[in-house]
Undergrad: 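One structure follows; several queries about it will come next.
Just so we're clear, the structure is a prediction, and the values are computed from it rather than from any experiment. We count residues from 1, following the sequence as given.
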Amino acid sequence: LAKKYYALLVKPELKTASHETRLEEDHLMSELRFAPLSLAPGEKKSAHFLIYAGPQNYEALKGFGFGFEKILGHGIFGIPKLMLLNVLNLFYRLAGNYGVAILLITLLIKLLFTPFTHWSYQSMGKMQALQPKIKSFQKQYAKDPARLNKEIMELYRRNRVNPMMGCLPLVLQIPVFISFYQILSQAVELKGAGFALWIHDLSEPDRL
């Protein structure tokens, strides 16, 4: 078992209930805790729970209607992770193969970010063309950093170059790439899913 693939989820009546799941050797241990209860003599109290202990499969978790699927959206990249997982499952339903689905979603991401990549390459090309002039400024104003900075900024302005445009498009793509990596390493849907030839489990590293 791997903790990233499995979960214990509880939908309690008592708001004070909490639970913790941890990995111990080759199995998961889960604990359900409650705040202390005060009972009068002869008084009875009861609570009802729906407990899910199993794979973190998005469709199965969503099917309960209690928001269990939100566990897959935890973390700073939770929203893009859920979006990418839904798209991955959509492509799987169309192709019937998670390997093909991964190729399709990779192509989709590449197409969506093509304009950003183009702008980035354009900006870097303009910056590279200005490098000889910038180096001459660095030699000319080596002892005057303020003047050097002013001349470089003026050079950028005259040539309509924004230094940030070279890296900003790449920065915008980072959350998507990290989310996609997390999906590929954590999605239980890929466990035991084959692709083609020698690839029989997409959740395992390629040992060829």
Side-chain angles (χ1 to χ4, degrees), residues 1-11 19 21-23 25-30 50-124 165-208:
L1 294 177
K3 186 176 180 181
K4 65 183 179 181
Y5 289 131
Y6 296 89
L8 181 137
L9 302 165
V10 183
K11 191 68 178 178
H19 69 275
T21 303
R22 63 183 181 275
L23 185 64
E25 297 181 357
D26 61 345
H27 59 277
L28 291 176
M29 289 290 294
S30 294
L50 171 64
I51 299 178
Y52 172 86
Q56 297 186 42
N57 181 285
Y58 180 82
E59 296 298 332
L61 295 173
K62 188 176 180 180
F64 288 103
F66 291 120
F68 283 172
E69 71 277 6
K70 292 178 182 178
I71 190 174
L72 299 171
H74 286 175
I76 189 172
F77 300 111
I79 294 177
K81 276 174 59 180
L82 281 180
M83 293 174 62
L84 288 171
L85 180 59
N86 282 318
V87 174
L88 180 66
N89 287 329
L90 172 63
F91 284 148
Y92 171 73
R93 288 193 291 271
L94 295 174
N97 185 300
Y98 271 111
V100 175
I102 291 172
L103 293 176
L104 290 175
I105 196 172
T106 302
L107 179 61
L108 176 63
I109 292 173
K110 185 68 176 176
L111 289 173
L112 289 175
F113 282 113
T114 295
F116 296 98
T117 305
H118 177 66
W119 296 335
S120 178
Y121 285 153
Q122 272 191 328
S123 180
M124 286 189 289
M165 284 304 296
C167 60
L168 185 59
L170 299 178
V171 171
L172 294 175
Q173 299 176 51
I174 288 176
V176 176
F177 293 147
I178 294 178
S179 301
F180 193 32
Y181 171 79
Q182 291 180 347
I183 286 296
L184 296 181
S185 63
Q186 297 174 7
V188 71
E189 287 85 351
L190 301 182
K191 191 167 180 62
F195 175 37
L197 301 175
W198 70 94
I199 304 175
H200 304 296
D201 190 342
L202 289 169
S203 67
E204 295 290 332
D206 187 357
R207 297 186 175 89
L208 182 64

Undergrad: Can you list everything that forms a ring pair (Phe, Tyr, Trp, His ring centres under 6.0 Å) with Phe177? Sequence neighbours excluded, please.
TA: none

Undergrad: Is it the case that atom CG in Leu103 sees more than 12 heavy atoms from other parts of the structure closer than 6.0 Å?
TA: yes

Undergrad: Does the side-chain contact (heavy atoms from CB on, under 4.5 Å) test come out yes or no for Leu108 and Leu104, once each step is laid out?
TA: CA-CA 6 Å; Leu108 176 63; Leu104 290 175; over 6 Å; no

Undergrad: Kindly determine whether Ile109 and Gln173 satisfy side-chain contact (heavy atoms from CB on, under 4.5 Å), including the steps that lead there.
TA: CA-CA 9 Å; Ile109 292 173; Gln173 299 176 51; over 6 Å; no

Undergrad: Return the minimal non-hydrogen interatomic distance between Leu82 and Tyr58, and the atom names on each side.
TA: CD2-CE1, 3.7 Å

Undergrad: Which residues pass the ring pair (Phe, Tyr, Trp, His ring centres under 6.0 Å) test with Phe113, sequence neighbours left out?
TA: Phe116

Undergrad: Residues in side-chain contact (heavy atoms from CB on, under 4.5 Å) with Ile199, at least two apart?
TA: Phe195, Leu202

Undergrad: Taking only residues two or more places apart in sequence or in another chain, which ones pass side-chain contact (heavy atoms from CB on, under 4.5 Å) with Gln182?
TA: Phe77, Lys81, Ile178, Gln186

Undergrad: Not counting sequence neighbours, which residues clear side-chain contact (heavy atoms from CB on, under 4.5 Å) with Asp201? List them please.
TA: Ser203, Glu204

Undergrad: Do Ser123 side-chain atoms and Trp119 backbone N/O form a donor-acceptor pair below 3.5 Å?
TA: no

Undergrad: Output a table of donor-acceptor pairs, distance under 3.5 Å, between side-chain atoms of residues 87-94 and any protein atom two or more places apart or on a different chain; print 'none' if there are none.
TA:
unit_1, atom_1, unit_2, atom_2, d
Asn89, OD1, Tyr98, OH, 3.0
Asn89, ND2, Leu85, O, 3.3

Undergrad: So how far is it from Glu189 CD to Gln56 CD, rounded to the nearest 0.5 Å?
TA: 9.5 Å

Undergrad: Roughly how far apart are Tyr52 OH and Phe64 CZ, rounded to 0.5 Å?
TA: 6.0 Å

Undergrad: Looking only at non-hydrogen atoms, find the nearest pair between Ser179 and Leu84 and report the distance.
TA: CB-CD1, 3.8 Å

Undergrad: Output all residues satisfying ring pair (Phe, Tyr, Trp, His ring centres under 6.0 Å) with Tyr181, sequence neighbours left out; order by chain, then residue number.
TA: none

Undergrad: According to side-chain contact (heavy atoms from CB on, under 4.5 Å), who are the partners of Leu107, at least two apart in sequence or on a separate chain?
TA: Leu111

